[in-house]
Trainee: 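I have a structure I would like to understand better, so I am pasting it below and will then ask my questions one at a time.
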Amino acid sequence: MTLAEKLRQLIIEAQGRAADAASLEDVEALRVKYLGRKGALAELTGLLGQIDAAEKPEAGREANRAKNEITAALEARSVAVKASGGTVGSAAKEDLSLPGTAPLVGGLHPITQVIDEICDIFYRLGFQIASGPEMETDYYNFEALNIPADHSSRDDLATFYIENGKLLRSQTSTVQTRIMEKERPPVKVLAPGRVYRPDATDATHSFMFHQIEGLCVDERVTFADLKGVLLAFAKQFFGADVKMRFRPHFFPFTEPSAEVDISCGLCKGSGCRSCAQKGWLEILGAGMVHPNVLRACKVSPEKYSGFAFGFGVERIAMLKWGVNDIRLFYENDMRFLRQFSA
Ligand code: DAH
């Protein structure tokens, strides 16, 4: 290797080391090592006198270039080191006490939490958890549930119809028939899931929401069983001091039917804004399974009887947490959702 080549190599080496220097002391040490009186450059230029005359001009030029380039590299590095507060890239000098970046921890959506909690309570009461399709036929959504052809819920304005002749189920009561066709009584199931209705969206309505359907069919099942099961659920979910009342109502698939209220948790029944001064809050619909529904499932109404109930999950979640607008559940606003992470 000629002297000129050695000098060129020295430049590359010195530039590399300069770029790695982590402190001003490191830069100074490199200056001494490469440019000092007994440094590497001095050592090589000392050889100038010993080489062939023909090689001297090139070697001389490289020696000058080495001095300039190495000086420039060290200069640039010391500016960079100063700009970064004296040290850069040195692991030993990092401040390990600085707080780190916490990873975002996910959580269950509040609606999922309420569904899980309700399923858990009914599971302990002996109910199995079931599900059915969201895209349904007219038969399961209406006909098998004893809903007459001219019922208003069959209207285009009350149900989403799909071009393939099917519809988006408007209630989880569809699961009653689907289960009873497959499993003979005794049947005791709870079916949570999404339902769809072409309602205009506002603080209490959404085109999609969740319902939970309950069904219990066996020999000698009575209205007293329905009341016992629902009261046991309400005490578990809303607290032991909750009161419940049944108001006569009409549903095509149950007879007799009732709407069920619980006492308002805020005013304990004396009347407040949350319960519109009534002291009661409606939470579900229920009743004794209509004989026509049993017959549609080829279950004998002479031998078997049963109760059914259905409630809206969002409504229960809003009562539980005092949420005043259903849309908050669907907007994916993390400021809202994070409040429910365990
Ligand atoms: N399916 C009814 C609704 O969407 C709720 C309901 C009422 C379900 C009474 C029932 C029942 O099982 O017995 O409004």
Trainee: When you measure from the side chain of Ser257 to the backbone of Thr254, do you find a donor-acceptor pair of N or O atoms at a distance under 3.5 Å?
Mentor: yes
Trainee: Only counting residues at least two apart or in another chain, list the ones meeting ring pair (Phe, Tyr, Trp, His ring centres under 6.0 Å) with Tyr196.
Mentor: none
Trainee: Do Leu157 and Pro198 make a side-chain contact, defined as non-hydrogen atoms from C-beta onward lying under 4.5 Å apart?
Mentor: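 Sidechains of Pro198 and Leu157: no contact.
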Trainee: Side-chain donor-acceptor pair under 3.5 Å between Ser170 and Asn141, yes or no?
Mentor: yes
Trainee: Hey, is the main chain of Phe209 close enough, under 3.5 Å, to the side chain of Ser206 for a donor-acceptor pair?
Mentor: no
Trainee: Between the side chains of Gln171 and Gln211, does any donor sit under 3.5 Å from an acceptor?
Mentor: no
Trainee: More than 12 heavy atoms of other residues, nucleotides or ligands under 6.0 Å from CG of Asn332: yes or no?
Mentor: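 Check fails, neighbour count at 12 or below.
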Trainee: Is Thr112 reaching over with its side chain to a backbone N or O of Leu108, donor-acceptor style, under 3.5 angstrom?
Mentor: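 The answer is no, because no donor-acceptor pair under 3.5 Å joins these two groups.
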Trainee: Identify the heavy atoms of Ala63 and Leu7 that sit nearest to each other, and give their distance.
Mentor: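 So the two residues come closest at N-CD1, 3.7 Å.
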Trainee: If we only count heavy atoms from C-beta on, is the Phe207 to Thr201 side-chain gap below 4.5 Å?
Mentor: yes
Trainee: Run Lys82 and Val79 through side-chain contact (heavy atoms from CB on, under 4.5 Å) and show every step you take.
Mentor: CA-CA 5 Å; Lys82 276 185 205 148; Val79 169; 5.9 Å; no
Trainee: Scan for salt bridge (charged side-chain N to carboxylate O under 4.0 Å, His left out) pairs involving residues 245-257, sequence neighbours excluded, and state none if there are none.
Mentor: Arg245-Asp261, Arg247-Glu259, Arg247-Asp261
Trainee: Near Tyr161 OH, under 6.0 Å, is it more than 12 heavy atoms from other residues, nucleotides or ligands?
Mentor: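 Yes, OH of Tyr161 has more than 12 neighbouring heavy atoms, counting only those of other groups under 6.0 Å.
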Trainee: Quick one, Leu167 and Phe160 - any side-chain contact, counting heavy atoms below 4.5 Å?
Mentor: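 No, every pair of side-chain atoms sits at 4.5 Å or beyond.
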Trainee: Rounded to the nearest 0.5 Å, what's the gap from CZ on Phe237 to CD1 on Ile283? Could you check?
Mentor: 9.0 Å
Trainee: Do the side chains of Ile179 and Leu226 join up, straight or via other hydrophobic residues, at under 4.5 Å, putting them in one cluster?
Mentor: no
Trainee: Donor-acceptor check, side chain of Gln339 to backbone of Phe336, threshold 3.5 angstrom: yes or no?
Mentor: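 Pair found, side chain donor or acceptor close to backbone of Phe336.
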Trainee: Would you say CD of Gln277 has more than 12 non-hydrogen atoms from neighbouring residues, nucleotides or ligands within 6.0 angstrom?
Mentor: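 Yes - once you tally the heavy atoms of other residues, nucleotides and ligands closer than 6.0 Å, there are more than 12.
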Trainee: Table please: side-chain donor-acceptor pairs of residues 29-38 below 3.5 Å, with sequence neighbours left out.
Mentor:
{"unit_1": "Arg31", "atom_1": "NE", "unit_2": "Glu28", "atom_2": "OE1", "d": "3.2"}
{"unit_1": "Arg31", "atom_1": "NH2", "unit_2": "Glu28", "atom_2": "OE2", "d": "3.1"}
{"unit_1": "Tyr34", "atom_1": "OH", "unit_2": "Glu13", "atom_2": "OE2", "d": "2.4"}

Trainee: Would you check if Glu181 and Lys298 make a side-chain contact, meaning some heavy-atom pair closer than 4.5 Å?
Mentor: no
Trainee: Taking all non-hydrogen atoms of both residues, which atom of Phe127 and which atom of Leu215 are closest, and how far apart?
Mentor: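 Shortest heavy-atom contact: CE2-O, 3.8 Å.
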Trainee: Should Ile129 and Pro192 count as side-chain neighbours, where that means a heavy-atom distance under 4.5 Å?
Mentor: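 Side-chain contact under 4.5 Å: yes.
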Trainee: Could you pull out all residues at least two apart from Ala191 that satisfy side chain to side chain contact (heavy atoms under 4.5 Å, CB included)?
Mentor: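 Residues passing side chain to side chain contact (heavy atoms under 4.5 Å, CB included) with Ala191: Val175, Glu213.
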Trainee: If I take atom CD from residue Glu69 and atom CG from residue Leu41, how far apart are they, to the nearest 0.5 angstrom?
Mentor: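 Separation between the atoms: 12.0 Å.
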Trainee: May I ask you to decide if Glu302's main-chain N or O and Ser300's side chain share a donor-acceptor pair within less than 3.5 Å?
Mentor: yes
Trainee: Checking Leu231 now: which residues fulfil side chain to side chain contact (heavy atoms under 4.5 Å, CB included) with it, not counting sequence neighbours?
Mentor: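 By the side chain to side chain contact (heavy atoms under 4.5 Å, CB included) rule, Leu231 matches Lys235, Met244.
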Trainee: Going from CG on Leu190 to CD on Gln128, what distance comes out if it is rounded to the nearest 0.5 angstrom?
Mentor: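 Answer rounded to 0.5 Å: 11.0 Å.
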Trainee: Once side chain to side chain donor-acceptor pair (under 3.5 Å) is applied, what residue pairs with a partner in residues 310-326 remain, sequence neighbours excluded?
Mentor: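 Applying side chain to side chain donor-acceptor pair (under 3.5 Å) to every pair that reaches into residues 310-326, excluding sequence neighbours, yields Glu117-Lys320, His210-Glu314, Glu314-Tyr330, Asp325-Arg327.
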Trainee: Say you draw a straight line from CZ of Phe142 to CZ of Arg154; how long is it, rounded to the nearest 0.5 Å?
Mentor: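 CZ of Arg154 is found 6.0 Å from CZ of Phe142.
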Trainee: In this structure, would Leu10 and Leu48 fall into the same cluster of hydrophobic residues linked by side-chain contacts under 4.5 Å?
Mentor: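 Same hydrophobic cluster.
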Trainee: For Leu145 and Tyr140, which heavy atoms make the closest approach, and how far apart are they?
Mentor: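 Shortest heavy-atom contact: CD1-O, 3.4 Å.
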Trainee: Strictly distance-based, threshold 3.5 Å: is any side-chain N or O of Asn146 a donor or acceptor partner for the main-chain N or O of Pro252?
Mentor: yes
Trainee: Using a 3.5 Å distance criterion without hydrogens, assess whether the side chain of Ser305 forms a donor-acceptor pair with backbone atoms of Val217.
Mentor: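 Checking the backbone N and O of Val217 against the side chain of Ser305, no donor-acceptor pair under 3.5 Å is found.
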Trainee: Look only at the side chain of His109 and the backbone of Leu337, and say whether a donor-acceptor pair between them is shorter than 3.5 Å.
Mentor: no
Trainee: Indicate the atoms forming the closest heavy-atom contact of Thr172 with Ile212, along with that distance.
Mentor: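 In this case the closest contact between Thr172 and Ile212 is OG1-C, 3.9 Å.
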Trainee: Do Tyr304 and Val229 land in one hydrophobic cluster if side-chain heavy atoms of ILVMFWY residues count as linked below 4.5 Å?
Mentor: no
Trainee: Any salt bridge (charged side-chain N to carboxylate O under 4.0 Å, His left out) involving residues 187-197? Give me the pairs, sequence neighbours left out, ordered by first then second residue.
Mentor: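 Every pair satisfying salt bridge (charged side-chain N to carboxylate O under 4.0 Å, His left out) with a residue in residues 187-197: Glu134-Arg194.
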Trainee: Sort and list the pairs that fulfil salt bridge (charged side-chain N to carboxylate O under 4.0 Å, His left out) and have at least one residue in residues 51-64, not counting sequence neighbours.
Mentor: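 Listed by first then second residue: Arg8-Glu58, Arg8-Glu62, Glu62-Arg65.
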Trainee: So, do Thr159 and Leu168 sit near enough that their side-chain heavy atoms are less than 4.5 Å apart?
Mentor: no
Trainee: Aromatic contact between Phe223 and Phe307, with the criterion being ring centroids under 6.0 Å apart: yes or no?
Mentor: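 No; Phe307 has its ring centre 6.0 Å or more from that of Phe223.
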Trainee: Do Leu319 and Ile111 belong together in a cluster built from hydrophobic side chains that touch within less than 4.5 Å?
Mentor: yes
Trainee: Backbone N or O of Lys243 within a donor-acceptor pair of the Ser263 side chain at under 3.5 Å?
Mentor: yes
Trainee: At their closest point, which heavy atom of Leu230 faces which heavy atom of Ala286, and how far apart are they?
Mentor: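 Heavy atoms only, the tightest pair is CD1-CB, 4.2 Å.
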Trainee: Please tabulate, one pair per line, all N/O donor-acceptor pairs under 3.5 Å involving side-chain atoms of residues 268-275, not counting sequence neighbours.
Mentor:
{"unit_1": "Lys268", "atom_1": "NZ", "unit_2": "Gly265", "atom_2": "O", "d": "3.2"}
{"unit_1": "Ser270", "atom_1": "OG", "unit_2": "Cys267", "atom_2": "O", "d": "3.0"}

Trainee: Under a 4.5 Å cut-off applied to non-hydrogen side-chain atoms, are Trp280 and Ile262 in contact?
Mentor: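 When only atoms from C-beta onward are counted, Ile262 and Trp280 do not touch, as no gap falls below 4.5 Å.
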Trainee: Which atoms form the tightest heavy-atom contact between Asp225 and Thr222, and what is the distance?
Mentor: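 Residues Asp225 and Thr222, closest heavy atoms: OD2-N, 2.8 Å.
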Trainee: Can you list the residues that meet the side chain to side chain contact (heavy atoms under 4.5 Å, CB included) rule with Arg295, with sequence neighbours excluded?
Mentor: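 Testing Arg295 for side chain to side chain contact (heavy atoms under 4.5 Å, CB included), a comparison that skips the adjacent residues, returns Pro291, Asn292, Pro301.
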Trainee: Could you tell me which residues satisfy side chain to side chain contact (heavy atoms under 4.5 Å, CB included) with Lys278, sequence neighbours excluded, listed by chain and number?
Mentor: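 Checked Lys278 against side chain to side chain contact (heavy atoms under 4.5 Å, CB included); zero matches.
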Trainee: Between Val195 and Ile115, is there a shared hydrophobic cluster once you connect ILVMFWY residues whose side-chain heavy atoms come closer than 4.5 Å?
Mentor: yes
Trainee: Side chain of Asp120, backbone of Asp116: donor and acceptor closer than 3.5 Å?
Mentor: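 Checked: no pair found.
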Trainee: Measuring from atom CG of Asp20 to atom CD of Gln15, what distance do you get when rounded to the nearest 0.5 angstrom?
Mentor: 12.5 Å
Trainee: Are Ser173 and Phe253 packed together at the side-chain level, in the sense that at least one heavy-atom pair is separated by less than 4.5 angstrom?
Mentor: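 Of all side-chain heavy-atom pairs linking Phe253 with Ser173, at least one is under 4.5 Å.
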Trainee: Say you draw a straight line from CD of Glu25 to OG of Ser78; how long is it, rounded to the nearest 0.5 Å?
Mentor: 12.0 Å
Trainee: What pairs of residues pass the salt bridge (charged side-chain N to carboxylate O under 4.0 Å, His left out) test when at least one of them lies in residues 163-179, not counting sequence neighbours?
Mentor: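 Non-adjacent pairs meeting salt bridge (charged side-chain N to carboxylate O under 4.0 Å, His left out): Glu136-Arg178.
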